[in-house]
**Q** 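One structure, pasted below without further comment.
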There are 2 protein chains.
Amino acid sequence: MLSKKAKYGLQAIIFLAKEDRKKKGPIPIAELAKHDKIPKKFLEIILLELRKQGILHSKMGVNGGYSLGRPADLISIGQVVRVLDGPLAAVSCVSKTAYRKCDECKNEKSCEIRKIMKQVRDSTARILDGTTLADALKGKVNF
Amino acid sequence: MLSKKAKYGLQAIIFLAKEDRKKKGPIPIAELAKHDKIPKKFLEIILLELRKQGILHSKMGVNGGYSLGRPADLISIGQVVRVLDGPLAAVSCVSKTAYRKCDECKNEKSCEIRKIMKQVRDSTARILDGTTLADALKGKVNF
DNA sequence: ATTTAATCTATTAATTTAGTAGATTATTGA
DNA sequence: TCAATAATCTACTAAATTAATAGATTAAAT
């Protein structure tokens, strides 16, 4: 399940991508929170994390707010989800971005669970890393 | 992330499928727990859930224990995961087995998040529902 | 200076996950 | 029929994660 954090984050960044398309300047958290009915203080935390990863850009003070950190066609849904919910993989031993041997696991090579979950991770990553914010707005379906 | 519950459950049921192939009778929880180093009391809960869904069969008393509820080629990984971790879908609005409108969602049809997560759910379901315990033991890769 | 808006520090509430303890019931073999 | 075995049932509890909230601080613009 996608956490509320990731869902809120995606809602907000999709809105930012739409505004970006309209050549709008930065959007304040308060406006984003209101638009998508997200608790403002919670959204602060979320956007800050995305900014720290370079996915968003922020500007303090009057006329400040948040905007995309790079063009919409260079931000993938996978990148956003990973920042907010961690690795896509269902088991850490098949994660590309955060590999870790499973505690229980004796021999990774022969693990049946691993084989199946690797397929799931790979297909999920293909979709989420292959879909950018620009694609999402176009309603483009890649897979 | 797969919960420990689902992981333990998969480990145990894969072991049961292996024993089933050898025409062994029912295996006691204690033996399964020891074999896969799973806390016994926790495994009890897990196996009971799988039994209540008809995936496993149990027998009380001496020479009792757990065995597969139906042939290994009729038990899919998806079925097991759903019982132990709930729906595969990352958002409830794309779940086939447990559909529910998202609280936040205004118009489902136009939701970009939904479109993407539907693709992910579908590809995940194709893999997990398309792989049975028999396939897993054969090392068969379907996708 | 005043206003706007992000950022930082700290806490808290609610939910889910992971596990334990102990009594009870069913089955079998001696 | 009794002792042993093993699942089942009822009832907790501890730890971790998720979802927030509160208030003070810093930066920018007019």
Side-chain angles (χ1 to χ4, degrees), chain A residues 1-12 16 24-53 55-67 69 81 83-87 90-92 102-104, chain B residues 1-12 16 24-69 81 83-87 90-92 102-104:
Chain A
M1 273 281 172
L2 215 57
S3 69
K4 292 215 168 194
K5 195 172 169 186
K7 222 187 219 174
Y8 291 159
L10 285 171
Q11 288 184 274
L16 284 176
K24 290 275 174 69
I27 317 288
I29 296 179
E31 190 181 332
L32 293 165
K34 197 181 174 193
H35 180 267
D36 289 321
K37 286 176 187 147
I38 301 170
K40 192 193 162 216
K41 277 289 183 181
F42 193 22
L43 189 55
E44 278 184 20
I45 296 168
I46 295 168
L47 298 182
L48 202 56
E49 284 183 47
L50 291 171
R51 198 221 57 184
K52 280 178 180 166
Q53 298 305 315
I55 292 174
L56 292 182
H57 176 254
S58 69
K59 199 188 157 197
M60 281 177 127
V62 176
N63 299 321
Y66 275 93
S67 49
V81 170
V83 167
L84 299 175
D85 270 0
V91 286
S92 67
C102 295
D103 312 322
E104 314 80 30
Chain B
M1 271 283 171
L2 214 58
S3 69
K4 291 215 168 193
K5 196 173 169 186
K7 221 187 220 176
Y8 290 159
L10 286 171
Q11 287 185 276
L16 284 175
K24 288 277 174 68
I27 317 287
I29 296 178
E31 191 181 332
L32 293 165
K34 196 179 171 193
H35 181 266
D36 288 322
K37 284 177 188 146
I38 301 170
K40 190 191 163 219
K41 277 287 182 182
F42 193 23
L43 188 56
E44 278 184 19
I45 297 168
I46 295 168
L47 298 182
L48 202 55
E49 285 184 47
L50 290 171
R51 198 221 59 185
K52 280 178 178 164
Q53 299 305 314
I55 293 173
L56 292 183
H57 176 253
S58 69
K59 202 189 154 195
M60 280 178 127
V62 176
N63 299 322
Y66 276 93
S67 49
L68 298 185
V81 170
V83 168
L84 299 175
D85 269 1
V91 287
S92 66
C102 294
D103 313 322
E104 315 79 31

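Each chain gets a letter, A, B and so on, in the order its sequence line appears, and its residues count up from 1. Just so you know, these numbers use all the heavy atoms, side chains as well, and skip hydrogens, waters and symmetry mates.
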**Q** A side-chain contact here means heavy atoms from C-beta on lying under 4.5 Å apart; do A:Leu10 and A:Leu2 qualify?
**A** yes
**Q** Determine whether B:Asp36 and B:Leu43 make a side-chain contact, defined as any pair of heavy atoms from C-beta on separated by less than 4.5 Å.
**A**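 Side-chain contact under 4.5 Å: no.
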**Q** Remember a base hit wins even if backbone is also touched, and classify B:Lys52 as base, sugar-phosphate or nothing at under 4.0 Å, heavy atoms.
**A** sugar-phosphate
**Q** Could you walk me through whether B:Tyr8 and B:Leu47 pass side-chain contact (heavy atoms from CB on, under 4.5 Å), step by step?
**A** CA-CA 10 Å; B:Tyr8 290 159; B:Leu47 298 182; over 6 Å; no
**Q** Nearest heavy-atom pair of B:Ser67 and B:Pro26: which atoms, and what distance?
**A**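 Minimum heavy-atom separation between B:Ser67 and B:Pro26: CB-CA, 4.3 Å.
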**Q** Just how far is it from atom CG of A:Leu32 to atom NZ of A:Lys37, taken to the nearest 0.5 Å?
**A**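 The NZ atom of A:Lys37 is 15.0 Å from CG of A:Leu32, to the nearest 0.5 Å.
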**Q** How close or far is atom P of C:dA5 from atom NZ of A:Lys34, stated in whole angstroms?
**A**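 Computing the A:Lys34:NZ to C:dA5:P distance gives 13 Å.
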**Q** Counting just side-chain N and O atoms, does A:Ser58 come under 4.0 Å of either OP1 or OP2 of C:dA5?
**A** no
**Q** Can you see if the side chain of B:Asn63 gets near the phosphate of C:dG29 - specifically, an N or O under 4.0 Å from OP1 or OP2?
**A**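 Yes, B:Asn63 has a side-chain N/O under 4.0 Å of OP1/OP2 on C:dG29.
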**Q** Using atom CE of B:Met1 as one end and atom C1' of C:dA18 as the other, report the distance to the nearest whole Å.
**A**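 These atoms are roughly 16 Å apart.
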**Q** Determine the minimum heavy-atom distance between B:Met1 and A:Ala90, stating which atoms define it.
**A** SD-O, 3.4 Å
**Q** Please state how far atom NZ in B:Lys59 lies from atom C1' in C:dT25, giving the value in whole angstrom units.
**A** 16 Å
**Q** Whole Å only: how far is the CG atom of A:Leu43 from the C1' atom of C:dA5?
**A**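 So the two atoms are 13 Å apart, to the nearest Å.
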**Q** Quickly work out the B:Ile27 CD1 to D:dT5 C1' distance and round it to whole Å.
**A** 15 Å
**Q** Taking a pair as Watson-Crick (N1 to N3 plus N6-O4 or O6-N4) or G-U wobble (N1-O2 and O6-N3), both under 3.5 Å, which stems of 3 or more consecutive pairs involve DNA chain C?
**A** C:1-30 with D:1-30
**Q** Using atom CD of A:Glu31 as one end and atom P of C:dT4 as the other, report the distance to the nearest whole Å.
**A**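 After rounding, the reported distance stands at 14 Å.
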**Q** Can you see which heavy atom on B:Leu84 is nearest to which on B:Gly9, and at what distance?
**A** CD1-CA, 3.8 Å
**Q** With no hydrogens and no angle check, is any side-chain donor or acceptor of B:Asp85 less than 3.5 Å from a backbone partner on B:Ser3?
**A** yes
**Q** Classify every nucleotide of nucleotides 16-27 of chain D by which part a protein heavy atom approaches to under 4.0 Å, writing B for the base, S for the sugar-phosphate alone and - for neither, in 5'-to-3' order.
**A** ---SBBBB--BB
**Q** Name all pairs fulfilling the side-chain hydrogen bond (donor to acceptor under 3.5 Å, both in side chains) condition that reach into residues 45-63 of chain B, sequence neighbours left out, sorted by first residue then second.
**A**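 Matches after skipping sequence neighbours: B:Lys5-B:Glu49.
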**Q** Could you state the CD-P distance from B:Glu49 to D:dC9, rounded to the nearest angstrom?
**A** 12 Å
**Q** Could you tell me how far apart B:Leu48 (CG) and C:dT25 (P) are, to the nearest whole angstrom?
**A** 16 Å
